[in-house]
Amino acid sequence: MKKAIFLDFYGTVVHEDDTVIEKITQEIFETGNAADKSEIGTYWWKEFQTLFINSYGDSFRTQRDLEIQSLQSTIQYFHSTADALQMSNFMFQYWVKPHIFDESKIFFELCKLPIYIVSNIDRTDIVQALEFHKLMPSGIFTSEDAKSYKPRKELFELALSTTGYSSYEVVHIGDSLTSDIKGANEVGIQPIWINRNNREVPKGVLAVNELTEVFNLYKW
């Protein structure tokens, strides 16, 4: 029997910052020398992922630090005159006031189990975002708390040890096949994939199209 829900936040409860990223990419394209705008997004993502993968333990750096450095590197690579700090601030402003999915508040209101946010984000940002949308989870666990990012196990282990639940007593809901599904599986937590775009569901993955569909999966 499941006793609690671990819940990802960005991309699961609220929308990702895709619109902001698109604006930033456009700015770099217009002020730099990229032949195609898609080059910018690809390079920026690779730069961020390299920093992200190596950020844990004593080498941990916050999401904000990683975003700023990866953006600065991207601007320099494409010889853009864009202002990295100014553009990153657009992203940070979105993080604390993100657009929410239609069913998310309903999910929080109807869920009979305690909900714990487990997110790859800085604590201050997610606290402000939760307050902005008046969502009150039973607890919050962030990459900044664990000094580690999903899919590494440390964040999940911190949530389990702090709440006192065993891995088989919780489910983890998230939109990332890597960070959420792979990460939860690694520590023995049943993952549920939020597949909002009707992508092909990998074999063995439990998927729903929106949060409230989770209520149909178990006898809560």
Side-chain angles (χ1 to χ4, degrees), residues 7-34 36-56 59-102 104-105 117-135 137 140-152 155 174-180 183 194 196-197:
L7 186 64
D8 177 53
F9 193 69
Y10 295 94
T12 300
V13 177
V14 298
H15 292 263
E16 292 280 12
D17 51 4
D18 296 341
T19 302
V20 178
I21 289 175
E22 174 64 25
K23 289 181 180 178
I24 291 174
T25 302
Q26 182 67 33
E27 174 93 13
I28 296 174
F29 179 68
E30 292 176 354
T31 59
N33 63 1
D36 188 276
K37 192 165 64 173
S38 64
E39 294 179 29
I40 299 169
T42 300
Y43 184 89
W44 184 9
W45 179 247
K46 287 182 178 178
E47 285 291 297
F48 177 79
Q49 281 296 298
T50 299
L51 296 170
F52 178 85
I53 290 170
N54 293 292
S55 180
Y56 60 90
S59 299
F60 177 82
R61 297 171 60 193
T62 65
Q63 184 90 279
R64 283 186 177 238
D65 284 346
L66 300 183
E67 288 290 6
I68 290 172
Q69 183 176 341
S70 61
L71 184 55
Q72 288 173 333
S73 297
T74 303
I75 288 171
Q76 291 172 4
Y77 182 81
F78 290 103
H79 300 283
S80 167
T81 57
D83 187 321
L85 290 178
Q86 183 182 56
M87 288 196 298
S88 61
N89 280 335
F90 294 151
M91 189 182 305
F92 304 150
Q93 287 168 10
Y94 176 81
W95 286 354
V96 299
K97 293 183 178 181
H99 302 304
I100 194 167
F101 288 110
D102 292 338
S104 293
K105 289 190 176 182
I117 299 296
V118 179
S119 174
N120 278 348
I121 196 65
D122 305 340
R123 173 165 280 272
T124 298
D125 292 323
I126 201 162
V127 167
Q128 289 186 63
L130 287 164
E131 290 176 348
F132 177 72
H133 286 296
K134 296 180 173 59
L135 299 176
I140 305 168
F141 301 98
T142 73
S143 50
E144 190 174 13
D145 300 325
K147 299 294 186 289
S148 175
Y149 292 97
K150 297 178 291 182
R152 289 181 61 89
L155 180 50
D175 70 303
S176 171
L177 285 172
T178 301
S179 296
D180 297 303
I194 294 291
R196 296 185 185 279
N197 297 318

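Residue indices begin at 1 and follow the sequence shown.
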**Student:** Start with the C-alpha gap between S148 and L155, add the side-chain angles, then the distance that decides, and say whether side chain to side chain contact (heavy atoms under 4.5 Å, CB included) holds.
**Tutor:** CA-CA 6 Å; S148 175; L155 180 50; 5.5 Å; no
**Student:** Taking distance alone, no hydrogens or angles, what donor-acceptor pairs closer than 3.5 Å link side-chain atoms of residues 16-25 to residues at least two apart or in another chain?
**Tutor:**
unit_1, atom_1, unit_2, atom_2, d
D17, OD2, W95, NE1, 2.9
E22, OE2, K37, NZ, 2.7
T25, OG1, I21, O, 2.8

**Student:** Restricting to non-hydrogen atoms, name the atom on F9 and the atom on A129 that form the minimum distance, rounded to 0.1 Å.
**Tutor:** CE2-CB, 3.8 Å
**Student:** Whether the side chain of Q128 engages the backbone of V96 through a donor-acceptor N/O pair (distance < 3.5 Å, no angle test) should be reported.
**Tutor:** no
**Student:** For the backbone of R61 and the side chain of S55, can you confirm whether one donor and one acceptor N or O come within less than 3.5 Å of each other?
**Tutor:** yes
**Student:** Identify the two heavy atoms, one from T124 and one from E144, that lie closest to each other, and give their separation to 0.1 Å.
**Tutor:** N-OE1, 4.5 Å
**Student:** With side chains defined as the heavy atoms from C-beta onward, is the minimum distance between Y43 and K46 less than 4.5 Å?
**Tutor:** no
**Student:** Roughly how far apart are I117 CD1 and D8 CG, rounded to 0.5 Å?
**Tutor:** 8.0 Å
**Student:** Can you find a side-chain donor-acceptor pair between D36 and S38 that sits under 3.5 Å?
**Tutor:** yes
**Student:** Side chains of S143 and N120, heavy atoms from C-beta outward: is any pair under 4.5 Å?
**Tutor:** yes
**Student:** If I compare all heavy atoms of Q63 with all of D122, which pair ends up nearest, and what's the gap?
**Tutor:** N-OD1, 2.8 Å
**Student:** Going by the rule ring pair (Phe, Tyr, Trp, His ring centres under 6.0 Å), which residues pair with F52 if we only count those two or more places apart in sequence or in a different chain?
**Tutor:** F48, Y149
**Student:** Please enumerate all residues that pass ring pair (Phe, Tyr, Trp, His ring centres under 6.0 Å) together with H99, with sequence neighbours excluded.
**Tutor:** Y94
**Student:** So Y10 and I121, do their side chains get closer than 4.5 Å, heavy atoms only?
**Tutor:** yes
**Student:** Tell me the salt bridge (Lys or Arg N to Asp or Glu O under 4.0 Å) pairs involving residues 64-86, sequence neighbours left out?
**Tutor:** R64-D125
**Student:** Tell me, please, which residues at least two apart from Q76 pass side-chain contact (heavy atoms from CB on, under 4.5 Å).
**Tutor:** none
**Student:** Do K105 side-chain atoms and I100 backbone N/O form a donor-acceptor pair below 3.5 Å?
**Tutor:** no
**Student:** My understanding is that only one of F29, Y77, W44, F78 makes a side-chain contact (heavy atoms from CB on, under 4.5 Å) with E39; could you say which?
**Tutor:** F78
**Student:** Does R196 pair with D175 as a salt bridge, N-O distance under 4.0 Å?
**Tutor:** no
**Student:** Any side-chain heavy-atom pair from I68 and F92 closer than 4.5 angstrom?
**Tutor:** yes
**Student:** By side-chain contact (heavy atoms from CB on, under 4.5 Å), which residues pair with T178, not counting sequence neighbours?
**Tutor:** P151, S176
**Student:** What closest approach, in Å, do M87 and E27 show between heavy atoms, and which atom pair accounts for it?
**Tutor:** SD-CG, 3.4 Å
**Student:** Closest approach of S104 and T12, non-hydrogen atoms and distance?
**Tutor:** OG-O, 4.2 Å
**Student:** Of all heavy-atom pairs between D145 and I140, which one has the smallest distance, and what is that distance?
**Tutor:** OD2-O, 3.9 Å
